[in-house]
Amino acid sequence: MGFGGVGAAYGIGFTGAAFARGFTGAASGLPSFSVTSLSLQRLISPPQPKEEKGGCGACVVLLSKYDPVLDQVEDSTVSSCLTLLCSLNGCSITTAEGVGNSKDGFHPIQERFVGFHASQCGFCTPGMCVSLYSALVNADKTNRPKPRPGFSKLTVTEAEKAIAGNLCRCTGYRPIADACKSFSSDVDMEDLGYNSFWKKGESDEVKMSRLPAYNHNHASSKFPEFLKKEIKAGANLGSKLYHWYSPTSIEQLQSLLQKNEAEDGTSMKIVVGNTGTGYFKEQEHYDKYIDLKHIPELSIIVQDQTGIEIGAAVTISKAIEALKQNKISDFPLDSKTVFKKISDHMEKIASGFVRNSGSVGGNLMMAQRKQFPSDIATILLPVEAIVNIMIGQKLEKLTLEEFLGRPPLDSKAILLSIKIPSWESTKDISSETDTKLLFETYRAAPRPLGNALPYLNAAFLAEVSFSRNSTGATLNNCRLAFGAYAAKHPIRARTVEKFLIGKVLSVSVLYEAIKLLGTTIIPEDGICSPAYKSSLAVGFLYEFLSPLVRTPDEIPGDQFNGYNSALLPVDYNNELKENCDELNGTKISTLLSSSKQTIQSSKEYHPVGQPVTKAGAAIQASANHIGEAVFVDDIPAPSNCLYGAFIYSTEPLARVKSVSFKSGSPPVGVTAVISAKDIPGKNLGCISVFGDEPLYADELVQCAGDRIALVVADTQRHADLAANLAVIDYDKENLNPPILSVEEAVERGSFFEIPPYLYPEQVGDFSKGMAEADHQILSAEIKLGSQYYFYMETQTTLAVPDEDDSMVVYSSIQCPQIAHETLAQCLGLPANNIRVITRRIGGGFGGKTIRAVSVAAACAVAAYKLQRPVRTYLNRKTDMIMAGGRHPMKVTYAVGFKDSGKITALKLEILIDAGVFQDISMMMAYTVVQTLKRYDWGALNFDVKICKTNLPSRSAMRAPGEVQASFIAETIIEHVASSLSIEVDTVRSINLHTYDSLGLFYKSAAGEPSQYTLPAIWDKLAVSSSFHQRTEMIKEFNRFNKWRKRGISRVPIVQEVNVKPTRAKVSILNDGSIVVEVGGIEMGQGLWTKAKQTAAYGLSLIKCDGSEELLDKVRVIQADTLSLIQGGFTGGSTTSESSCEAVRLCCNVLVERLTALKEKLVEQMGSLRWETLILQAYVASVDLSASTLFLPDSTSSNYLNYGAAVQVNLLTGETTTLRTDIIYDCGQSLNPAVDLGQIEGAYVQGIGFFMLEEYPINSDGLVTANGTWSYKIPTLDTIPKQFNVEILNSGHHQKRVLSSKASGEPPLTLAVSVHCATRAAIVEARRQLASWSGFDESNSEIFQLEVPATVPVVKERSGLDSVEKFLRWTMGTK
């Protein structure tokens, strides 16, 4: 491939649709932009999240390289967003379409993903499939035994880990894990969850026969033969402005560095895998790139008796492999242990597809130069690793400690290699002691695996002598390294080492060492959770040394702390097993172990009620290169297309005097800057019934993140760079201070008025209820933060000017109708000149209901003014700043209750932070209070205020108000139980509604007595989950385990949902095929699938031959606001059922129109096929298109959903969900497979809110989280290890849509059970801590556990000084 006339050969094999396309010579179809800084992402087809930088896995591809020496192909996954195009010389790329596609046939991976219902919105699915494909390819290269037919050589653990770094916001991961495990040679078929391949109870042989066939002999990647002849190391590429160099020797590298130094003014970047940009998000411009991968000295792996030397350009994955294999057979056992533990720790770094590109040297250089919190640097520090570096012409050999301690090295310094020395303990046969070497590494992170930087990491190496006469263990030597705690680099705790060396370990020695450590590991000021990091350091050291301490007999034992038992004398091992604490407890797998799904399908409305696979799932699994699942950003850019990026305020309240650029002139590629003055109509970013929101701030910005302008450029990269270079001149003179909290809003009376029809009714007499109470809590406070949507596809729009002064807008939006109305007024055009089209969206969760409208409006205004197509795809940072997210709240409550725990009265003052504009915030009072009614409070009194603050407008997020209310309700229940010192579950049970109280709280929505299924669900769950037996087992566990605590919690839901008016249109074409349009938007929730099933059922009522098999003839098409008006919005969990009812009504009309003709034809012909009937209907000019607006009547617009969950937590500061059991009432499910996915996905998203996801802002209200590195959604390793779900078919519900109930949002509120179980475990830890301190244990139960209950929060509530207190208690000093 030639670039800009450069004749250097450049070859890529691109398997994008099961074909090899090689680029060689001087001709190529690449656009005219920088090829050196161009990432592979720009050339490939899977949907691409912007600015995730290796954090999500959606853009993963298979990179294949041919090794001519070994005559073999090396296959590995890489993130295309991190991979620079010029680094791929001689490589072959396989995307999801290359794995399989609709034209050439789908791969069994994609077919099994479909059959296991493992794809919802589909945005992440291509990356998942490629990750698994790579694992299959590499497993089947091994010399493992031949697997059973239909299976691969992959193990279950490998299958799960293959996708451990891939993010999914929809499914809850369980079905994805099952699809992956179905290929594993050691899988138990009983462990595989619900799927469309087999029925419950069938034999393994039958199950295997029904899975899409897989032949492991055909697992190899598709490396083009022609590329094997094109291999040429060190090709240099370039154009007029950019140069890519690939030196093949140290001398060439030195020459390039010298040349660059002489050419003052040019910027240079040295790269291997370019993965550092994932963390540091570089915006710099580079003229030159130097690729180090082709220098042999930097790619070596040398193993000899002295240790293992690893070249700096060796990838982390290859280093792990080398350390595990350590091919020197006579390496000392100690060395093998050290190498293995280093490799095990390195597997927790980043994700597999990042480790496959990122180099060991690059990781260490980031630690040295940029204070990157490197795990590798920490774990290599105590083993005294040696580094070889080159500075200019000079070669130096340094210890890693010396290397890290130097001032940051400049670009002329090159790390060449790292040597990990061999280790062996000192042996003295004549001595009375046995000497052994111990080595351990530690890390604590927001989640166990996949793209999570540590809060703290550590590694300890010690030589220990064990006296044969049992006098104790002596530390002959030790090396203690700590890192990632906000020091400049990892350090050795030398004062602690000096204190410990030569001492016989005892409780008092350990206590003194820990005290000394507290003066050594001191996190810098200004960092998050400094006390937690210090506590972690203490905990890690205690965990390492405590098994070596002779502890008093009263300390119960478990097992030794993970050390290889061969390292210790047999008698000492036995004694440790008896006398040492259970520091590691039972080893818990980090990934999903098992699951069970119980589903009852119905044939009453066939095919409605059947677990039909999701419409479009297969093409979602193969992405979009040849017309497969197309998201908005996949639509080919029209001619002359421009790209936009928002310039937003960083101040919460200020006048904007001017906007300029740092350079003084517009940056490269910028065409225009569009602001309020350029809007041809009204300055509208969104219209709503509650109040309008401006598109751009006109002189006055009202929050950090407020839109000021849209910079428009020739590429998205140029637009983003220009927006980052914008300089805004603010003026704050004579302005009031901004309102940045609900407390400030109250002080200044800043509220939005809630419409009376949206303000709920009070229930009962609060004063009377309080008078009846035996106990009262007069004032308690709850605070709740926000949550970000983290849809995989950020906000995106393409606006295209059309003929006759019209505008066509393609938008990823949940409410095209609102966008349509807004754009018409914003552009000053008649509504019939606006057309908004939405095919599918890559996740929404409410964030694309209102917040997407302004993005569509901005593109439309720019396109209208410039008369050119304009598109934008917000980078993750911008999206997070502008999104708003879930509503924060502050709640103050008073509650009265009886001795039994029965609550008699509850009063709440609720302050809801709406942000600067109304959005949907007026509805929050209703949703919060209605969800609070889940319990019988006796009397319920409340005062809800919607606070207007100078923060980004909050919007609907899945279960808006309802998830917060579920936490408020359970917190109050927990508080009552703690006050009475009785079981929380007892208080929950006694306050569940009777049918009479249900009617008092929910009025007509309560339905008939037979529809109140919660009491039956509550009792059933206790039995199916063995709740009471497990409660006793947990008490026993907690009694015998000091450092691990478990909790269990069972919670109910009673949630009112509202069925909305929705439009649909059904048309029958002359060949009998059927096209359906619905007002609802497909965003992964299976709306199209249910609509297809409903159309097939509704039209089958014509009852002619073939009409019972219409499902495959139905196609649901994209939403188009000129084709289907009054589409409404998609949200609130009921859009699927209301859309289905609208479809059913259309079908009724069509069946009625066809009936007379059908009867006439049957008389003439005897039997009649569907196709014949439709053909004759066309001849007879029967109207075969029907459109209907479904209007729910007052008796069916509101109803209640019921469910319950129980969950177990293992506590060490880090939490692990051991088991979850859910029973959920879906009525008669429209599609149980789809509803199962909704239940599991919602629950796991709820785990994110309650346990993981922090959405922080700075003092000006500007969001500081900016992507996957700082915002942690759940991953495969954070979901329940045992995940059991039962969908209850509660029978016929006459007033429901085909007897169904919603499933999209209510299950999310059940995730509060995770938080409650964590709190229960913390209570046990606090009781224990109180006993060690000599305090009253009863006071340990009353405390507030924040949301989210992150690892630092859990540790803090459990006791940051628990180790110190335990040691003092052990020594008898307290």
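Numbers here are sequence positions counted from 1. Worth saying up front: this structure is predicted, and the values here are computed from it rather than measured. Values below: all heavy atoms of this structure, side chains included; hydrogens, waters and symmetry mates excluded.
Looking only at distances, a side-chain donor or acceptor of N1258 sits under 3.5 Å from a matching main-chain atom of G1261. Using modelled atom types, one side-chain atom of D765 and one backbone atom of K768 make a donor-acceptor pair closer than 3.5 Å. A donor-acceptor contact shorter than 3.5 Å is absent between the side chain of Q930 and the backbone of T927. Remark: the backbone N or O of H975 is paired with a side-chain donor or acceptor of S979 at under 3.5 angstrom. Judged purely by atom type and a 3.5 angstrom limit, K1045 has no side-chain atom pairing as donor or acceptor with the backbone of T1318. Side chain of R447 to backbone of I1273: a donor-acceptor contact under 3.5 angstrom is found. Although no hydrogens or angles enter the test, the distance criterion places no donor-acceptor pair under 3.5 Å between the side chain of S1333 and the main chain of A1330.
Among the candidates R1030, K1020, R1050, the single residue satisfying the salt bridge (charged side-chain N to carboxylate O under 4.0 Å, His left out) test with D1221 is R1030. Checked against Y1255 for a ring-ring contact (aromatic ring centres under 6.0 Å, His included), the options Y788, Y789, F790, F1249 give a single hit: Y788.
With values rounded to the nearest 0.5 angstrom, S1358 atom OG is found 9.0 Å from L1329 atom CG. Note: K1365 NZ to L1360 CG = 9.5 Å, rounded to the nearest 0.5 Å. To the nearest 0.5 Å, the span separating CD on E1305 from OG1 on T1134 amounts to 8.5 Å. Atoms OG1 and NE2, on T904 and H775 in that order, are 10.5 Å from each other to the nearest 0.5 Å. In this structure, OG1 in T1217 is found 9.5 Å from CD1 in I1279, a value given to the nearest 0.5 Å. Here the OG atom belonging to S953 is positioned 6.0 Å from the CG atom belonging to D919, to the nearest 0.5 angstrom.
Of the charged side-chain nitrogens involved, none lies within less than 4.0 Å of a carboxylate oxygen, so that E1253 and K1272 do not count as a salt-bridged pair. Taking the charged nitrogens against the carboxylate oxygens, R1357 and E1346 do have a contact shorter than 4.0 Å, which makes a salt bridge. Using a 4.0 Å cut-off between a side-chain N of Lys or Arg and a carboxylate O of Asp or Glu, K945 and D913 do not qualify as a salt bridge. The residues D936 and K902 are annotated as salt-bridged, a charged nitrogen and a carboxylate oxygen being separated by less than 4.0 angstrom. Using a cutoff of 4.0 Å between basic side-chain nitrogens and carboxylate oxygens, K1035 and E983 are scored as salt-bridged. In this structure, E970 pairs ionically with R934, as a charged nitrogen and a carboxylate oxygen lie closer than 4.0 Å. One finds a salt bridge joining E974 and R988 here, because a Lys/Arg side-chain nitrogen approaches an Asp/Glu carboxylate oxygen to under 4.0 Å.
Residues P1307 and I1053 share a closest heavy-atom pair of N-CD1, 4.4 Å. The two residues V1057 and P1306 make their nearest non-hydrogen contact at CG1-CG, 4.3 Å. Closest of all the heavy-atom pairs between Y935 and I973 is CE1-CG1, 3.7 Å. When all heavy atoms of G896 and M770 are compared, the closest pair comes out as N-SD, 3.4 Å. When all heavy atoms are compared, the tightest approach of V1051 to V1312 is CG2-CG1, 3.9 Å. Minimum heavy-atom separation, G901 to N991: O-ND2, 2.9 Å.
With a 4.5 Å cut-off on side-chain heavy atoms, I1247 and T1278 do not count as touching. K890 places none of its side-chain heavy atoms less than 4.5 Å from the side chain of I782. Residues K1281 and T1216 meet the side-chain proximity criterion, which asks for heavy atoms closer than 4.5 Å. Looking at F967 and H1315, their side chains come closer than 4.5 Å, going by heavy atoms from C-beta outward. Residues S1313 and Y1243 have side chains in contact (heavy-atom distance under 4.5 Å, counting atoms from C-beta outward). Looking at heavy atoms from C-beta onward, F897 lies out of side-chain contact with V987 at the 4.5 angstrom threshold. T986 places none of its side-chain heavy atoms less than 4.5 Å from the side chain of I990. Looking at heavy atoms from C-beta onward, Y1224 lies out of side-chain contact with I1017 at the 4.5 angstrom threshold.
Applying the side chain to side chain donor-acceptor pair (under 3.5 Å) test to Q964 and every residue at least two apart in sequence or in another chain returns nothing. Applying the side chain to side chain donor-acceptor pair (under 3.5 Å) test to S997 and every residue at least two apart in sequence or in another chain returns H993, T994.
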Check your understanding: What do the steps show when you test T892 against L908 for side-chain contact (heavy atoms from CB on, under 4.5 Å), and what is the final call?
Key -> CA-CA 6 Å; T892 305; L908 305 107; over 6 Å; no
Review point. S779 and Y893: side-chain hydrogen bond (donor to acceptor under 3.5 Å, both in side chains), yes or no, with the steps?
Key: CA-CA 6 Å; S779 181; Y893 64 87; over 6 Å; no
Review point. Do I946 and M922 pass the side-chain contact (heavy atoms from CB on, under 4.5 Å) test, and can you show the C-alpha distance, the side-chain angles, and the key distance before you say yes or no?
Key: CA-CA 7 Å; I946 308 297; M922 300 303 100; 3.7 Å; yes
Exercise for review: Mind running side-chain contact (heavy atoms from CB on, under 4.5 Å) on V895 and V976 for me, showing each step along the way?
Suggested key: CA-CA 8 Å; V895 61; V976 170; 4.2 Å; yes
Check your understanding: Going through the checks in order, is the side-chain contact (heavy atoms from CB on, under 4.5 Å) test met by L951 and V916?
Key -> CA-CA 6 Å; L951 293 166; V916 69; over 6 Å; no
Practice item. For the pair S1362 and K1355, evaluate side-chain hydrogen bond (donor to acceptor under 3.5 Å, both in side chains) and give the outcome as yes or no after the intermediate values. Key: CA-CA 9 Å; S1362 56; K1355 176 60 178 170; 3.3 Å; yes
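If you check the side chains of H887 and S786, you find no donor sitting under 3.5 Å from an acceptor. Side chains of S529 and Y455: a donor-acceptor N/O pair is absent below 3.5 angstrom, by distance only. Judged purely by distance below 3.5 Å, without hydrogens or angles, the side chains of T1013 and D1225 pair a donor atom with an acceptor atom. No side-chain donor-acceptor contact under 3.5 Å links K948 and Q918. For the residue pair S1303 / Q1238, no side-chain donor-acceptor distance below 3.5 Å is found, with atom types taken as modelled.
Annotation: Q762, atom CD; neighbour count of heavy atoms from other residues, nucleotides and ligands within 6.0 Å is above 12. Heavy atoms from other residues, nucleotides or ligands lying under 6.0 Å from CD of E781 number more than 12. Taking a 6.0 Å sphere around NZ of K907, one finds it holds 12 or fewer heavy atoms contributed by other residues, nucleotides or ligands. Residue-environment remark: NZ (K933) exceeds the threshold of 12 foreign heavy atoms within 6.0 Å.
In this structure, R958 forms no cation-pi arrangement with F845, as its terminal cationic atom is not both closer than 6.0 Å to the ring centre and no more than 45° off the ring axis. With a 6.0 Å cutoff to the six-membered ring centre and a 45° limit on the axis angle, R1219 does not count as a cation-pi contact of F1283.
Between W1332 and F1366, the ring planes lie tilted relative to each other; the angle falls in the 30° to 60° range.
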